[in-house]
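Input: a single structure, listed below in structure tokens.
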Amino acid sequence: MEQLAILGGTPVRKNPISYGKQYIDDDDVAAVAEVLKHGDLTCGCKINEMENALCEVTGAKYAVAVSNGTAALHLAALAAGFGEGDEVIVSAITFAASANCILYCGAKPVFADIRPDTYNIDPNAIEKLITPRTRGIVAVDFTGQSIEHDAIRAICNRHKLLLIEDAAHAIGTKYQGRPVGSIADMTCFSFHPVKTVTSGEGGAITTNDEQLYHRLIRLRTHGITRNREEMVHPSDAPWYNEQVELGFNYRLTDIQAALLISQIGKLPAFAARRKEIVSRYDRAFSEMPELVVQKEIPESDTTRHLYILRLNLKALTCDRRQFFDALHEENIYSQVHYLPVYWHSYYEKLGYAKGLCPNAEAYYQEVMSLPLYYSLTDEDVAGVIKAVKKITAYYRK
């Protein structure tokens, strides 16, 4: 065994643990194989079945399956009517797609700071950014914790704004007993492999608004409709369809839908295991003044996608990079979620500068994501905790 370059000694783990990983079992494989052998590969019945399953899980009236989470955000922003001259408020700490979807429509992202304890968008910061040009809010359920729906909905009602909830991290989460997906005007999900349930790639939008639903369906498939009521030149010919607006090919395949249907059946087990792991981490790290545990609002019953370890750098002799590298040498592979979106060089070219969101910028300097997924064993979790404690003791002031 090689000696560690940083701490010395033997790593706590012989084999590496990644920060995220999908869980696929024989039932998932069989569900996909059944479509490959006997079903339509695309535009078939599995899409409706998947959408119905999402409605059951989220409590939403309508669900629209799409090719990925970014496509979901793009179509939601288009259906919301965002366009040139509009401003849309979005969290500074999120994956770039949450803001990019605003740019895709020609509107301007306006970045709101986060709460320093929950890391979610701060309703007070939202209120201060509203102008006559503000049309909507894209609020992110960061790490899986629900946004503060009551406060944000009150802001939307006062200013006649549309709320898009980016719930890429949050399937299975509830806010005051209501499932995420049934509360915002539109809610966007991602089913990337590191998420709680996966279809490989894939996404969806849920809504309770019938008009938004029908527009999302059109936008998903090139802006083409077979509904006579939506046509400019209706025809009763059985083959006739008509493009009534500019849409996209954002369809999901039945192969992916079959996988997701199978995965949704395991969501209760996935959620329960993630909660167990989060609880173990919280108990271990909340006792250590060198570490900061993410706060959860009491309204959110959270199925966590990410576990954020935040360093109290004033109590340590290292910076975040040194701690990150030391974890890697213990075979604990962490990640950082996320760079403030407006720090990306593309956004810099658009005129955004550092200093917009002080809480978000301080957060970014001090955090990393620890392993969190269904198939982590108790031994794995113990190994992560042991490694964090070992490194913290080494760098403790």
**Study point:** Heavy atoms of other groups near Lys397 NZ, more than 12 under 6.0 Å
**Key:** yes

Exercise for review: State, to 0.1 Å, how close Cys105 and Ala77 come at their nearest heavy-atom pair, and which atoms those are.
Suggested key: SG-CB, 3.6 Å

Review point. Is the side chain of Thr207 donor-acceptor paired with the backbone N or O of Asp185 at a distance under 3.5 Å, no angle test?
Key: yes

Exercise for review: For the residue pair Leu306 and Tyr19, establish whether any side-chain heavy-atom pair is separated by less than 4.5 Å.
Suggested key: yes

Review point. Got more than 12 heavy atoms from elsewhere within 6.0 Å of NZ, Lys21?
Key: no

Point to revise | Steps toward side chain to side chain donor-acceptor pair (under 3.5 Å) verdict (Tyr62, Asp209) | key: CA-CA 8 Å; Tyr62 308 104; Asp209 186 305; over 6 Å; no

Review point. Hey, are Asp378 and Arg273 close enough for a salt bridge, meaning a charged N less than 4.0 Å from a carboxylate O?
Key: yes

Review point. With respect to Ile171, which candidate in Leu267, Thr187, Thr303 satisfies the side chain to side chain contact (heavy atoms under 4.5 Å, CB included) definition?
Key: Leu267

Exercise for review: Decide if the gap between the ring center of Phe248 and the ring center of His222 is smaller than 6.0 angstrom.
Suggested key: no

Review point. In a check of side chain to side chain donor-acceptor pair (under 3.5 Å) between Asp86 and each of Arg133, Arg135, Lys108, which one passes?
Key: Arg135

Point to revise | Donor-acceptor contact present, side-chain Glu201 to main-chain His192, <3.5 Å | key: no

**Study point:** Within 6.0 angstrom of Arg396 CZ, more than 12 heavy atoms from elsewhere
**Key:** yes

Check your understanding: Would you find a donor on one side and an acceptor on the other, under 3.5 Å apart, between the side chain of Asn120 and the backbone of Ser146?
Key -> yes

Review point. With a 4.5 Å heavy-atom cut-off, do Asn124 and Glu127 have their side chains touching?
Key: no

Point to revise | Euclidean distance, Leu260 CG relative to Lys195 NZ, rounded to 0.5 Å | key: 12.5 Å

Exercise for review: Report yes or no: does Thr253 contribute a side-chain atom to a donor-acceptor pair with the main-chain N or O of Gln256 at less than 3.5 Å?
Suggested key: yes

Practice item. From the options His337, Glu296, Gln294, select the one residue that forms a side chain to side chain donor-acceptor pair (under 3.5 Å) with Thr143. Key: Gln294

Point to revise | Any Ile308 side-chain heavy atom under 4.5 Å of Phe142 side chain | key: yes

Check your understanding: So, Ser262 side chain and Leu259 main chain: donor-acceptor pair closer than 3.5 Å or not?
Key -> no

Review point. Would you say the side chain of Asp141 lies within less than 4.5 Å of the side chain of Thr302, judging by non-hydrogen atoms?
Key: no

Exercise for review: Evaluate the ring planes of Phe270 and Tyr23, with Trp represented by its six-membered ring, and classify them as parallel (under 30°), tilted (30 to 60°) or perpendicular (over 60°).
Suggested key: perpendicular

**Study point:** Gap separating the CE atom of Met186 from the CG atom of Leu216, nearest 0.5 angstrom
**Key:** 6.0 Å

**Study point:** Salt-bridge criterion met for Asp117 and Arg115 (N-O under 4.0 Å)
**Key:** yes

Point to revise | Any side-chain heavy-atom pair of Asn312 and Met288 under 4.5 Å | key: no

Exercise for review: Please say whether the positively charged group of Arg320, taken as NZ for Lys or CZ for Arg, lies over the ring of Tyr364, i.e. under 6.0 angstrom from the six-membered ring centre and within 45 degrees of the axis.
Suggested key: yes

Point to revise | Flag, side chain of Arg274 to backbone of Arg304, donor-acceptor distance under 3.5 Å | key: yes

**Study point:** Donor-acceptor contact present, side-chain Asp113 to main-chain Ala125, <3.5 Å
**Key:** no

Exercise for review: Answer yes or no: is there a side-chain heavy-atom contact under 4.5 Å between Thr134 and His159?
Suggested key: no

**Study point:** More than 12 heavy atoms of other groups within 6.0 Å of Tyr352 OH
**Key:** yes

Practice item. Please check if the side chain of Glu290 supplies one atom and the backbone of Ala315 the other of a donor-acceptor pair under 3.5 Å. Key: no

Check your understanding: Is atom OH of Tyr346 surrounded by more than 12 heavy atoms (other residues, nucleotides or ligands) closer than 6.0 Å?
Key -> no

Review point. Under 6.0 Å between ring centres, would you say that holds for Tyr342 and Tyr347?
Key: no

Check your understanding: Is it true that a side-chain atom of Glu361 and a backbone atom of Gly355 form a donor plus acceptor pair closer than 3.5 Å?
Key -> yes

Check your understanding: Do Thr377 and Asp380 have a side chain donor and acceptor closer than 3.5 Å?
Key -> yes

Review point. Atom CG in Asp166, atom OG1 in Thr70: separation rounded to 0.5 Å?
Key: 9.0 Å

Review point. Which residue pairs pass the ring-ring contact (aromatic ring centres under 6.0 Å, His included) test when at least one of the two sits in residues 35-57, sequence neighbours left out?
Key: none

**Study point:** Side chains of Phe323 and Thr392 in contact at under 4.5 Å (non-hydrogen atoms)
**Key:** yes

Practice item. Determine, for Glu245 against Arg215, whether the closest basic-nitrogen to carboxylate-oxygen distance falls under 4.0 angstrom. Key: yes

Review point. Are more than 12 heavy atoms from other residues, nucleotides or ligands located less than 6.0 Å from atom CG of Asn249?
Key: yes

Practice item. Check the side chains of Arg283 and Ser279 for a donor-acceptor pair under 3.5 angstrom, ignoring hydrogens and angles. Key: yes

Point to revise | Reported OG1-to-CG distance for the pair Thr206 and Asn208, which is rounded to 0.5 angstrom | key: 7.5 Å

Check your understanding: Regarding Gln145 and His169, is there a side-chain donor-to-acceptor distance under 3.5 Å anywhere?
Key -> no

Check your understanding: Are the side chain of Asp25 and the backbone of Asp28 linked by a donor-acceptor contact shorter than 3.5 Å?
Key -> yes

Point to revise | Within-4.5 Å side-chain heavy-atom neighbours: Gln263 and Lys266 | key: yes

